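What follows is a set of notes on a single structure, which appears directly below.
Computed over heavy atoms, backbone and side chain alike; hydrogens, waters and symmetry mates excluded. Source: prediction; values computed, not measured.
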Amino acid sequence: MASQTPLLDLFVIGGGINGTGIANDAAGRGLRVALCEQRDLASATSSASSKLIHGGLRYLEHREFRLVREALKEREVLLRKAPHIIWPLRFILPHRPHLRPAWMIRTGLFLYDHLGKRDSLPGSRRLSFTGQGPLKPEITQGFEYSDCWVDDARLVVLNALQARQQGAEILVGTRCVAARQVDGIWEIELEEVDSGRRQIRRARALVNAAGPWVEEFIRERTQRRSRYGIRMIQGSHLIVPRIHDDERAYILQNQDGRIVFVLPYQQDFSLIGTTDRRYRGDPAEVAISDEETGYILAVVNEHFRTQLSRDDVVSSYSGVRPLCDDESTDPSAMTRDYTLDLDLQGAPLLSVFGGKITTYRKLAESALAQLAPHLPAMGPTWTAEAPLPGGDIGSQAAFVARLLADYPFLGEARARRFAASYGSLCLEFLRDCRAEGDLGENFGAGLSRREVDYLVEREWARGADDILWRRTKLGLRLSEAERQRLERYLAERLTPGTRLGEAAS
């Protein structure tokens, strides 16, 4: 069976942001690429972030200047590449004198403004509060600066889409059960999770971008030894009804030195997080703890007039950040930089430790630079200038106006959602629609059969969670009865005989 499969240049393990970013970059350089993901794209760490493209203001305290500089430069690159899912966001940093001194914050913001190239984002400034806003009246001073918002799971899916457009094979719901070297070539044994069907693929080089499972994959699947360890750090977030009307975000300094973001989310909600705590256990089973919930609520209640309780929590999520173990005793101080380990004891194996969403593109370029001597057919870099799928819209506002002109039945709320999730990709499932009825059944909150069919056929969606929490955020709006109806529809549509990936080919 192995001898009959085409020889790939690169096989990638893991469908998070690093895996899809590397697969996309490699496919665009003319390499023959395949990727497998055992669950859904972005189903682990990459959909459990704070959903920010940012330089990492707090990383300056730990003197991670290279990481901050690279991330700040990438803000501008990603804004140009994906204006549909990434947009500027101003942050308010309230100042409380008993925490970090004002001079330290001013110095940090000056560095933040000037470490990286800043073409479109305004710089920082000092603020005075009148006591009439959402903050408690005793908070009278603060600062404001720029970073960016991102729909993290959509960023992963768009990289997978672009990789497939350039010839890569994306195998979702498929896990690697073993990877062996045979005559200097990797033989990768794959298993479809639902059906149990197995196949073997062959590749010149293997990329291990398994996130929290990166070390386990080396140890249990490749029979090699990992030169690095990981430390799993749990980060949790709460979603509550919107606690302020401001379109800006807030970054709150806590007395333990950690920070908590309060972010405007999906028009009607606030997204609050994150935590930093050591995690031991199965990364797939991570969930917010009662202690974390209490911690987040306490930090918010110290700053805002609106006081929150556990009864206000609409939803929550947790993720595990697989950081390269630098033996730091403080989880917040552990480096968010990435480490790439190229093992040349036989066929090349490149493993990715750590990393952050903001620098995924640079990580992919660095990974391919290390593999270049072993893949002579590799073409030049290209991702800095190429828009991601759907990103050819100019601006969100202009595209919303276009949608309302061409499809007035959508209404402004749905047009805004399409612009901010799909960009021009939504034109594919809106084609030939002239009225609301042309979209087919409404599963709730404006989620139509046309949109669901598109997500199944083109974006690898299989279950309700794939659609409601990763492809869209409509899980916040559908009732349980509406969710069950969607599940039934998907079960009817995806018959047992449908192979994973066929609908998205």
#### Entry: salt bridge (Lys or Arg N to Asp or Glu O under 4.0 Å) partners of Glu487, counting only residues at least two apart
Arg483

### Query
Pick from Thr472, Leu427, Leu430: which one makes a side-chain contact (heavy atoms from CB on, under 4.5 Å) with Tyr422?
Thr472

### Task
Would you kindly check if the NZ (Lys) or CZ (Arg) of Arg75 is within the cone defined by 45 degrees around the ring axis of Tyr145 and under 6.0 Å from the six-membered ring centre?
no

### Summary
For Phe269, the ring-ring contact (aromatic ring centres under 6.0 Å, His included) test, sequence neighbours excluded, returns none

### Query
Any side-chain heavy atom of Asn208 sitting closer than 4.5 Å to one from Val352?
no

### Task
Applying side-chain contact (heavy atoms from CB on, under 4.5 Å) between Arg180 and each of Ile188, Ile185, Thr222, Ile200, report the one that passes.
Ile200

#### Entry: Ring-face cation of Arg66 near Tyr338 (centre distance under 6.0 Å, axis angle within 45°)
yes

### Task
Measure the shortest side-chain to side-chain distance between Glu74 and Lys362 over non-hydrogen atoms and say whether it is less than 4.5 angstrom.
yes

### Message
By the definition side-chain hydrogen bond (donor to acceptor under 3.5 Å, both in side chains), identify the one residue from Asp465, Asp151, Asp40 that meets it with Arg471.
### Response
Asp40

### Task
Mind telling me whether Tyr454 and Phe429 have parallel, tilted or perpendicular rings, with 30° and 60° as the class edges?
tilted

### Message
Taking side chain to side chain contact (heavy atoms under 4.5 Å, CB included) as the definition, give me every residue that meets it alongside Ala415, ordered by chain and number, with sequence neighbours left out.
### Response
Val400, Leu403, Leu404

### Query
Partners of Ser46 by side chain to side chain contact (heavy atoms under 4.5 Å, CB included), sequence neighbours excluded?
Ile17, Ala42, Val156

### Query
Can you name the ring-ring contact (aromatic ring centres under 6.0 Å, His included) partners of Tyr317, sequence neighbours left out?
His237

### Task
Among Leu474, Val452, Leu478, find the one that has a side-chain contact (heavy atoms from CB on, under 4.5 Å) with Ile467.
Val452

### Message
Taking the basic N atoms (NZ, or NE/NH1/NH2) and the acidic carboxylate oxygens, is any pair closer than 4.0 Å for Glu215 and Arg225?
### Response
no

### Task
Could I get the full list of side chain to side chain contact (heavy atoms under 4.5 Å, CB included) partners for His84, not counting sequence neighbours?
Ala82, Leu158, Ile393

